[in-house]
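Notes follow once the structure below has been shown.
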Amino acid sequence: MNTRTAQLDIRGMSCANCSQTIGSALESLDGVTAANANFATDEGSVEYDPEEVSLAEIYAAIEDAGYEAERSSRSIGITDMTCANCAETNESALESVPGVIDAEVNYATDEATVEYNPADVSLEALYEAIENAGYTPVRDDGGEDSDQDRRDAARQAEIRKQLRLTLFGAILSVPFLFFLADKFLLGGAYVPETVFGVEFGWVEFLLATPVYVVLGREFLANSYTALVKNRTANMDVLIALGASTAYVYSLVVLLDLLAGNLYFDTAVLILVFITLGNYLEARSKGQAGDALRKLLEMEAETATLVDEDGSEEEVPLEDVAVGDRMKVRPGEKIPTDGVVVDGQSAVDESMVTGESVPVEKEDGDEVIGSTINENGVLVVEATKVGEDTALQGIVQTVKEAQSRQPEIQNLADRISAYFVPAVILNAIFWGLLWFAFPETLAAIGGAVPVLDLVGGGPAALSTFEFAVVVFASAVLIACPCALGLATPAATMVGSTLGAQNGVLFKGGDILERAKDVDTVVFDKTGTLTTGEMTLTDVVALEGEPAAADGGDAATDGGALATRESLDEDAVLRLAASAERDSEHPLAQAIVAGAEERGLELADPDAFENVPGQGVRATVDGREVLVGNRRLLEEHGVDPSPAGDEMERLEREGKTAMLVAADGETVGVVADADSVKESSTEAVATLQERDLDVMMITGDNERTARAVAERVGIDPDNVRAGVLPEDKADAVEDIQSDGRKAMMVGDGVNDAPALAVAYVGTAIGSGTDVAIEAADVTLMRDDPLDVVKAIRISEATLQKIKQNLVWALGYNTTLIPLASLGLLQPVLAAGAMALSSVSVLSNSLLFRRYTPDRDYELLGRLRR
């Protein structure tokens, strides 16, 4: 048994019971021989058999027990990959490194994403694993260049290398094109049979050998690595087989060891076509990542720092620290994320949010680094620098999205894993079949091999020679390159396109999933509405006779008491004083409204926030309640005297709150939240796409229905009075009948609901917690961008399917033709190179896609 020991840093342990819980959870796994955890040092160790249990399963067991094991993630550029099989080889090599939890390698981006235990894995070990697999990692040499700069440099070097090889091969292949033209079009009038008494074939040999050695060396070396070291077969094996078959066969014929024709031209043109395809492929990959690089290039290089005495100093961007104040003049880029402390201007944020209209900024407003100041002078205090800025976060999110492939990629991966061996077996089978039964096969269905039409074929070639030609053609035509590129190329463009339009997908799997939602559930406050509450109404209840014992004062003869009568200012002062310590938007609106009226507020002596109900506080020695009916009822206060006013305000779409003092209801205060301009259009557009639109809110039924009616949501699709901790349950209930719901929210209390939804979508103006829990982040706070996210998802999957249809259709059509002797090896090589380039070109055309054009048109028609 091959036993490994993993040393883990574990967070969340607080006592010996925690240690025992983790130990028991790990020892329950098959393959774990020993496990222990020490809560005093926050460390643990596990002995396990990697053939029975993976490190990923060990981490999952710790997390399922309620704890967290330290893990790190690293992105590594890889060069020399030529197909999806190469990516799988690198994945296997990285996952075999002790301490690696998971590895994903993306052939389209030439990048590996590795999750690992930092206590057990060094970066050098990852580099060595890639090199041992026969590929080249882009190493971090500790220089000043960024990781992205090194990868870009490696990619440009690969493009230049492929271009040099292509030009070298093309120059030496030009004579072969003349030889072919003379042979098939001019009847051999110009090419002699001998030169200085030496067979002309030696001239072809001298021209072909440098091409075979220089262009073919890489394919041969990679084939050896794949077959001997990695025990797998990739695209290089197919190319090496096809080109070597033509070259070696020709050499054997030239040496008079076998009778037949020469195919040096075939060997040369195969390698030139394939190398040309590699060059175009590398160039297309570079173009696919251009948009992401352009985002990074938009960063300012310097910043103008302002001291307290007003002096200015221009410094490199990397020298800016949190808290520094920067002067940004008209036309300049805002160096880093910050908040405006002086000045007023309009800022162009289109490169980050996709918002084409400049956004007005003044004191207290947040600004995003790399956006452009349009007119006025701003003084900005830096709040985030370096990798913490919004732009860097966008780039990192897009990179992660590109590394996480859609589920549809699993189909391509499964096909690619068996494709090359199947192709080789197919080529051998048909080669042997043509060798054994040439006349029978040629006669089936009247099939006439293409070689007959150009002066060759079974009638002119020996049986063995034609079998070799069939073998070479069948090997060359069936390359899995296009299949391997189909999904990641489209995903790379789709995720970048989303970022350009202010929609961030956390992964290619999310990019695929968003199109399948059938229900969109909106949170109300801050999502459909602006979330900026303002005080609109203050109602003071008039004092009325009331029975002290709760009976009927008119009939029971009991002792009479009079409910206290306060004026509006007194009611508002009590409510605002009680809410002073609350951070809820409703509370802040009440406090702001009281301050605008010039009321002098008191500091509450005691304060209690009752989630989903309101607050309880002691103000000037009086017990004050501010909240909904449930709050008053649970504290023994009758809310009915304010019933009519509450209903009136709620029908108007306002959030009404009862105010009680010393056990009596004394008034009502109401806040209103304006509906966003685009909410109605967003709901209508989603409904026209046959999606059910629902709303969920903690507000009462009347207020929720009033807002729903304004934006066009069916009242039956409104869930009101939902407590924060119950929102996730409500979303799960909606999905219980098989629905695939997209939850759209912005607040901390939305995070659990975003996490359980089929697709969780966070409004970008919301909290970091909500954004972290979400699958999709909308950089603008525009609900209409939900439609944009769905459209990008649909368009990306449509592009993936187009690519897969092309790749599979190409192989499905041409493999039989090659197997039946209807395709020359040179044509097969050219078609193979063309297939990869066509898939990449189709993906690059996707960059022109505009996801908002249909609902912009819809909006104009409505107006």
Side-chain angles (χ1 to χ4, degrees), residues 524-525 533 537-541 543-544 546-552 561 563-566 570-591 602 604-651 654-671 696-705 718-730 733 747-749 752-753:
K524 181 179 76 70
T525 306
M533 307 298 295
D537 297 84
V538 179
V539 179
L541 300 180
E544 297 177 358
D549 62 358
D552 188 333
R563 189 179 67 249
E564 181 181 9
S565 179
L566 303 175
V571 170
L572 179 56
R573 180 180 179 277
L574 282 177
S577 297
E579 296 277 20
R580 287 189 78 174
D581 290 339
S582 174
E583 296 182 356
H584 196 285
L586 293 172
Q588 293 175 350
I590 294 172
V591 173
D605 297 325
F607 174 82
E608 178 188 0
N609 179 46
V610 184
Q613 297 183 20
V615 300
R616 177 184 180 183
T618 302
V619 179
D620 296 335
R622 307 181 69 176
E623 184 180 89
V624 178
L625 300 173
V626 184
N628 57 25
R629 296 172 180 83
R630 191 187 311 173
L631 177 69
L632 270 63
E633 290 170 350
E634 290 188 359
H635 287 81
V637 180
D638 180 16
S640 62
D644 292 342
E645 291 294 340
M646 290 285 287
E647 290 184 14
R648 176 183 66 81
L649 293 169
E650 289 168 353
R651 281 196 301 270
K654 299 172 182 177
T655 300
M657 292 155 283
L658 295 159
V659 182
D662 293 332
E664 293 181 344
T665 303
V666 296
V668 181
V669 292
D671 291 345
I696 188 169
T697 178
D699 263 346
N700 63 78
E701 189 78 25
R702 291 192 188 91
T703 301
R705 285 177 175 266
V718 174
R719 298 200 176 197
V722 181
L723 296 176
E725 61 268 25
D726 296 333
K727 282 190 175 182
D729 294 336
D733 183 55
V748 174
N749 57 2

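What's counted below: heavy atoms across the whole structure, side chains too, no hydrogens, waters or symmetry copies. It should be emphasised that the depicted structure is a prediction, and the values quoted were computed from it without experimental measurement.
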For V722 and A730 the tightest heavy-atom approach is CG1-CB, 4.4 Å
Residues N609 and G614: closest non-hydrogen pair is OD1-O, 3.5 Å
Does the T697 side chain pair with the main chain of A720, one donor and one acceptor, at a distance under 3.5 Å? no
Residues two or more places apart in sequence or in another chain: which of them pass side chain to side chain donor-acceptor pair (under 3.5 Å) with R702? E647, E650
Is the count of non-hydrogen atoms from other residues, nucleotides or ligands lying under 6.0 Å from D729 atom CG greater than 12? yes
After noting the C-alpha distance and the side-chain angles of V659 and L566, does the key distance pass the side-chain contact (heavy atoms from CB on, under 4.5 Å) rule? CA-CA 11 Å; V659 182; L566 303 175; over 6 Å; no
Steps toward salt bridge (charged side-chain N to carboxylate O under 4.0 Å, His left out) verdict (E634, R630): CA-CA 6 Å; E634 290 188 359; R630 191 187 311 173; 5.1 Å; no
Residues in salt bridge (charged side-chain N to carboxylate O under 4.0 Å, His left out) with E645, at least two apart? R648
If we only count heavy atoms from C-beta on, is the P752 to K727 side-chain gap below 4.5 Å? no
Using every non-hydrogen atom in the two residues, find where T665 and A642 come nearest and quote the distance to one decimal. CG2-CB, 4.1 Å
Can you tell me if H635 uses its side chain to pair, donor with acceptor, with the backbone of V637 under 3.5 Å? no
Contact between Q588 and M533 at the side-chain level, heavy atoms closer than 4.5 Å - yes or no? no
Distance-minimising heavy-atom pair for A575 and V669: CB-CG1, 4.4 Å
Would you compute the distance between atom CD1 of I696 and atom CG of D726 and round it to the nearest 0.5 angstrom? 9.0 Å
Would you sort out whether D638 and L632 count as a side-chain contact (heavy atoms from CB on, under 4.5 Å), showing the intermediate values? CA-CA 7 Å; D638 180 16; L632 270 63; over 6 Å; no
Is there side-chain contact between P604 and D581, with heavy atoms separated by less than 4.5 Å? yes
Please lay out, stage by stage, how H584 and V615 fare under the test side-chain contact (heavy atoms from CB on, under 4.5 Å). CA-CA 10 Å; H584 196 285; V615 300; over 6 Å; no
What pair of heavy atoms forms the shortest contact from V571 to V539, and how long is it? CG1-O, 4.2 Å
Identify the two heavy atoms, one from M646 and one from V668, that lie closest to each other, and give their separation to 0.1 Å. SD-CG1, 3.7 Å
Atom pair CD/CG of E633 and N628 - distance to nearest 0.5 Å: 8.5 Å
Please check: side-chain N/O of D620 versus main-chain N/O of R622, any donor-acceptor pairing under 3.5 Å? no
When you compare the side chain of L631 with that of L658, does any pair of heavy atoms fall below 4.5 Å? no
From CD1 (I590) to CG (L574), nearest 0.5 Å: 12.0 Å
Positive for side-chain hydrogen bond (donor to acceptor under 3.5 Å, both in side chains) with K654, one of T703, D671, D537: D537
